[in-house]
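Below is one structure, written out as structure tokens, with a few remarks after it.
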Amino acid sequence: MGVLMNSILGVLAVILATLYQSNVHFALYRGVRLFYGIGHTLEPLSAFPSYKCRRIEDERLQACEDMWLSEATRQLFLACSETRGRQQWSPNGGIFNASGRSLTDHIAVLDIDEPEGIEGAGGFRTRVLETPGYPGTHGDGTLNLVGMSGHDDGADGEVRLWLIDVKPSVDLATGRVLEDQTATGGNQTVEVFRTVGGREATALEHLESFWDPLIMTPNRVAAVGDDTNAFWITNDLGHSQSSWKRSLSPFFGQGSVAHCSGNSDRSQTCHAAIPSGLSWPNGLVHNRHDGLLYVPSSMVGTVDIYEPVRSGSLSTMKKVGTINVGYSIDNLMVNKDGDVWAAVFPSVTKLGKAFDDPYGVHHVPAAAMRIRKGPSGGYEVEKVLEDGFGEVLPMTTSVVHDATTGRLFFGSVISPFIAVCDKVLWKR
Ligand SMILES: *[C@@H]1O[C@H](CO)[C@@H](O)[C@H](O)[C@H]1NC(C)=O
Ligand SMILES: *[C@@H]1O[C@H](CO)[C@@H](O)[C@H](O)[C@H]1NC(C)=O
């Protein structure tokens with residue numbers, strides 16, 4: 001991410017000299033402000049005394065870019081990787097050293113009502129789910145995880161998961177992973193799995209693999225929740241194969257949302273639900289409470305809200321609003337009350353440090369914002385927690401709010417740990 005941002009800044013001058021369209025101007029203006037955190041005052045954790053935060057250091061919980069909370073099973077599912085592997089292989093961030101990629105990416109599960117450690121001061125009961133039978137990259141069985149989504153399927157505790165797998169491309173003649181991935185840019189799929197055995201599951205059964213030209217620069221997937229395994233997906237840098245066009249894509253609003261669904265003959269249909277116009281669309285989410293799709297744009301710090309409109313097999317989008325969050329946004333989540341939570345970057349310039357030296361003391365600011373409907377019907381945006389000096393939280397890319405306990409969970413694409421913040425109950 002940091003690498004990409006730097007290369008984007010490198011071409012700013014060129015764009016300024018050659019173009020002056022108003023939407024480009026807007027993205028540029030907003031992007032520069034968010035990048036340097038202009039207008040933000042960093043606040044330390046101590047400014048939020050109603051939360052008590054700690055790290056959970058467990059090698060199974062490294063580089064967990066995304067998470068999904070299953071309310072039915074009270075389990076948190078995390079898409080984890082290896083910190084060192086991410087430094088070599090992050091196709092979304094323009095990092096393409098396939099030989100250094102992690103070969104142990106996995107889904108970890110936390111039983112969030114089963115705290116461990118003295119007085120619950122450690123982590124939570126944790127396990128890793130196996131994926132027997134999943135072919136991975138040309139039969140090696142591996143996953144390369146970034147964004148994820150899930151759906152509670154019924155009373156017996158079964159859960160379906162949608163995982164973005166950013167595989168390296170292979171030489172189709174030999175089946176070997178191509179040495180130079182910069183030209184091909186990885187090979188992205190969305191993989192649908194189901195837990196085997198409900199709450200106590202130790203494995204995932206592979207249901208379906210989606211591979212389509214409209215899944216080009218996938219960032220986050222949002223499950224529709226029907227029985228066709230349908231989903232929406234953001235393409236954060238649009239549809240071009242060329243790396244420089246991808247770098248410029250946030251300025252020209254080339255980001256898109258695609259909709260895909262499975263057919264009964266095991267074929268699939270994908271179409272462009274929002275063909276373009278988005279500036280680095282990131283962790284979109286489908287809010288079952290209002291039926292709307294919330295799509296954040298990292299470059300301009302806004303969340304666009306869409307009503308899905310079905311006509312036959314097509315799902316198009318009717319834009320119903322835009323919320324100005326004022327921060328560069330990563331993944332959104334919906335809690336059980338229908339509130340939307342956003343992991344935001346108070347200072348984008350500092351993100352690169354976490355990639356360069358993830359084990360060091362990198363002091364990357366992180367914050368959690370809540371977006372919800374206020375009494376007047378408009379949206380209220382509130383910063384609920386900030387670790388402006390990176391004292392405890394990881395370089396955060398996702399935040400989950402457990403409305404039952406008030407706890408917040410913080411995941412990170414690169415940091416070798418996650419964090420949890422307990423809501424402090426004031427005793428009189
Ligand atoms: C790619 O990754 C391998 C394995 O980690 C490492 O030995 C090599 O130095 C890396 N190459 C580059 C160009 O960083
Ligand atoms: C990309 O992935 C698809 C689906 O797994 C596979 O059929 C195809 O051969 C892969 N292509 C390359 C170039 O790796």
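Note that the coordinates shown come from a computational prediction; the quantities given were computed from them, not determined experimentally. Order of listing sets the numbers, starting from 1, for every ligand and every atom in it. Just the heavy atoms: all of them, side chains too, but no hydrogens, waters or symmetry mates, feed the values below. Numbers for residues simply follow the sequence, beginning at 1.
When T137, N187, D165 are ranked by how near their heavy atoms come to atom 11 (N) of ligand 2, first place goes to N187.
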Walk me through whether R288 and H151 qualify under side-chain contact (heavy atoms from CB on, under 4.5 Å). CA-CA 11 Å; R288 276 169 242 295; H151 187 257; 3.8 Å; yes

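The pair R125-D113 does not meet the salt-bridge criterion, since no charged nitrogen lies less than 4.0 angstrom from a carboxylate oxygen. A salt bridge between K336 and E71 is absent, with no side-chain N of the basic residue lying under 4.0 Å from a carboxylate O of the acidic one. Using a 4.0 Å cut-off between a side-chain N of Lys or Arg and a carboxylate O of Asp or Glu, E191 and K167 qualify as a salt bridge. A salt bridge does not link D111 to R74: none of the charged side-chain nitrogens sits closer than 4.0 Å to a carboxylate oxygen.
Looking only at distances, no side-chain donor or acceptor of S261 sits under 3.5 Å from a matching main-chain atom of A230.
For atom 7 (O) of ligand 1, no protein non-hydrogen atom is found at a distance below 4.0 Å. For atom 14 (O) of ligand 1, the nearest protein heavy atom lies closer than 4.0 Å.
The minimum heavy-atom distance between W232 and A223, with the atom names listed, is CZ3-O, 4.4 Å.
Shown in contact with G100 at under 4.0 Å from a heavy atom are these atoms of ligand 1, numbered in order with element: 2 (O), 4 (C), 5 (O). Close approach to Q88 involves these atoms of ligand 1, each under 4.0 Å from a residue heavy atom: 1 (C), 2 (O), 10 (C), 14 (O). With ligand atoms numbered from 1 in the order given, ligand 1 contributes 1 (C), 2 (O), 3 (C) to contacts under 4.0 Å with heavy atoms of S99. Close contacts of ligand 1 with N97, meaning ligand atoms under 4.0 Å from a residue heavy atom, involve 1 (C), 2 (O), 3 (C), 8 (C), 10 (C), 11 (N), 12 (C), 14 (O).
Nearest to atom 5 (O) of ligand 2 among the protein's heavy atoms is K167 CE, 3.9 Å.
On a distance-only criterion, L172 and ligand 2 share no N/O pair closer than 3.5 Å.
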